[in-house]
Amino acid sequence: MSWDYYRYFLAVAETGSLSAAARQLSVSQPTVGRQIAELEKRLETRLFERASHGYLLTSAGQQIREKIKAVSVDLDGIAQVISGLDKSLSGLIRISATEGFGSYWLTPKLSQFQARHPSIQFDLMLDISVVDLRRREADVAIRLANPRVSDLVGRQVGRTGFGLYGAKSYLEKRGAPTSMADLASHDFIGWHSGRDSLPFSAALEKIAPPENIKFRCDTVAAQIVAVQSGIGLFVAPHYLVPRDDQVVRLLPAEIDLKFDIWLLTHRDLVNAGRVRTLLDFLYEHFRNDRHFLLGEDLRP
């Protein structure tokens with residue numbers, strides 16, 4: 001049976017009249033009367049005596065009032081606890097990001113955030129695959145595209161720059177490309193097949209023939225080691241490239257890619273205290289690091 005029937009019952013029991021209960025519940029008096037009549041019908045007992053000065057509880061009404069009142073208090077308590085959890089700066093936040101971005105940029109930021117809010121725990125899912133926020137596979141996601149789904153809210157928080165890089169050891173053996181046409185004679189490092197829907201993977205497929213991609217993997221860490229080992233060239237975000245002068249950028253005028261970064265969450269979570277605080281924190285750091293993420297700090 002719907003809790004609404006008991007809600008109307010309690011309002012009449014506490015106020016003593018249909019009109020007063022209607023005002024308390026912000027409904028019409030006939031609506032309250034119908035709900036009380038239906039409840040009595042379903043329980044097969046009379047709950048109120050209709051008197052000239054109002055509605056009086058019968059013995060049956062008095063017996064169930066205390067039980068219903070106790071349930072009502074419990075429900076109010078649950079609502080307060082849930083509200084408190086939403087507003088409190090504690091609990092678990094699940095974040096989805098690509099492996100490279102999550103490891104090299106996001107993790108240090110989360111360390112700073114956790115120092116301010118030690119009661120918050122993080123579950124960081126680093127995978128190039130996209131999770132479904134609508135199914136609550138994560139609470140927050142950082143993506144290189146706007147999914148344009150009605151249940152998700154967020155905004156573009158910055159842009160990240162990609163370029164073509166190679167190790168000096170590789171270039172000493174194979175020569176440095178001086179034009180896009182030269183790339184046909186070079187080896188490349190890419191992602192596993194099926195990842196060409198990702199913007200940076202699709203960009204590589206446009207400049208490197210499939211047969212020239214000699215090494216594929218699913219992690220940025222492995223790609224970086226592969227580049228340093230001289231296996232081939234790769235397209236990578238500027239902020240991920242080792243700054244040890246052993247890996248250099250190639251054809252910067254011809255290959256200068258930029259992708260939007262989106263910070264997203266589910267509509268139901270946007271005002272939860274811990275999520276809202278994290279989003280505001282990340283907005284600020286995206287703004288502060290905008291030149292770094294674009295690779296503009298690498299320019300002479």
Side-chain angles (χ1 to χ4, degrees), residues 95-111 124-131 140-147 154-168 170-171 177 183 186 188-192 195-208 213 215-229 231-264 282-283 285-300:
I95 307 176
S96 170
T98 58
E99 180 254 347
F101 189 85
S103 298
Y104 292 87
W105 187 87
L106 182 59
T107 295
K109 307 302 180 186
L110 295 182
S111 176
L124 186 56
M125 294 169 281
L126 301 182
D127 195 314
I128 204 158
S129 300
V130 175
V131 300
V140 175
I142 300 173
R143 297 180 181 171
L144 293 182
N146 180 8
R155 65 184 182 188
Q156 180 191 342
V157 291
R159 306 186 79 197
T160 184
F162 282 64
L164 179 66
Y165 289 87
K168 286 184 177 179
Y170 170 90
L171 300 173
L183 297 179
H186 283 274
F188 289 86
I189 296 161
W191 299 96
H192 276 164
R195 302 303 174 92
D196 55 346
S197 60
L198 297 166
F200 46 86
S201 183
L204 174 62
E205 300 289 342
K206 291 180 180 178
I207 66 174
I213 302 178
F215 183 91
R216 296 178 184 271
C217 61
D218 271 347
T219 71
V220 170
Q223 286 195 340
I224 291 175
V225 172
V227 170
Q228 292 173 322
S229 301
I231 293 178
L233 312 178
F234 78 156
V235 173
H238 304 305
Y239 65 85
L240 284 181
V241 177
R243 304 192 181 194
D244 55 8
D245 296 328
Q246 297 305 304
V247 177
V248 297
R249 186 175 180 185
L250 305 166
L251 303 177
E254 293 84 354
I255 303 177
D256 184 22
L257 308 171
K258 295 180 177 63
F259 301 108
D260 295 340
I261 303 173
W262 284 80
L263 182 59
L264 303 157
L282 292 177
Y283 289 151
H285 282 272
F286 274 115
R287 184 173 62 249
N288 293 341
D289 287 359
R290 60 188 181 278
H291 299 299
F292 170 76
L293 291 172
L294 282 169
E296 294 175 348
D297 60 329
L298 298 176
R299 296 176 183 174

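- Put simply, the side chain of Lys258 never gets that close to the backbone of Leu294: no donor and acceptor are under 3.5 Å apart.
- Put simply, the side chain of Leu171 reaches to within 4.5 Å of the side chain of Leu233, judged on heavy atoms.
- Here CG of Leu293 is found 13.0 Å from CZ of Arg287. Values are rounded to the nearest 0.5 Å.
- Minimum interatomic distance between Phe162 and His238 (heavy atoms only, all atoms of both residues): C-CE1, 3.4 Å.
- Here the side chains of Tyr165 and Leu240 are not in contact, with every heavy-atom distance at 4.5 Å or above.
- For Thr107 (side chain) and Gly102 (main-chain N/O), a donor-acceptor pair under 3.5 Å exists by modelled atom type.
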Q: Just do the salt bridge (Lys or Arg N to Asp or Glu O under 4.0 Å) check on Arg216 and Glu205 with the steps written out, would you?
A: CA-CA 12 Å; Arg216 296 178 184 271; Glu205 300 289 342; 3.8 Å; yes
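- Scanning both residues, Pro237 and Thr160, for their nearest heavy atoms gives CB-OG1, 4.1 Å.
- Side chains of Leu183 and Leu251 form a contact here, defined as non-hydrogen atoms less than 4.5 Å apart.
- Nearest approach of Leu126 to Ser103, heavy atoms of both residues: CD1-OG, 3.4 Å.
- Within the 4.5 Å cutoff, the side chain of Leu144 has heavy atoms near those of the Ile261 side chain.
- Residues Val140 and Leu263 have side chains in contact (heavy-atom distance under 4.5 Å, counting atoms from C-beta outward).
- Heavy atoms only, all atoms of each residue included: Phe215 and Ala222 are closest at CE2-O, 4.3 Å.
- When the ring-ring contact (aromatic ring centres under 6.0 Å, His included) test is applied to Phe234, no partner is found at least two apart in sequence or on another chain.
- Considering only heavy atoms from C-beta on, Trp191 comes within 4.5 Å of Gln223 through its side chain.
- Considering only heavy atoms from C-beta on, Ile231 stays 4.5 Å or farther from Val225 through its side chain.
- Annotation: side chain of Glu254 is not in contact with side chain of Ile207 (no heavy-atom distance under 4.5 Å).
- Taking both residues in full, the closest heavy atoms of Gly154 and Leu264 are given as CA-CD2, 4.1 Å, listed atom of the first, atom of the second, then distance.
- With sequence neighbours excluded, the residues satisfying side-chain contact (heavy atoms from CB on, under 4.5 Å) with Pro252 are Arg249.
- Relative ring orientation between Phe286 and Trp105 is described as parallel, the plane-to-plane angle staying below 30° on a 0-90° scale split at 30° and 60°.
- Closest heavy-atom contact between Ile189 and Gly232: CD1-O, 3.6 Å.
- Here the NE2-CG distance, from His186 to Leu250, works out to 8.0 Å after rounding to the nearest 0.5 Å.
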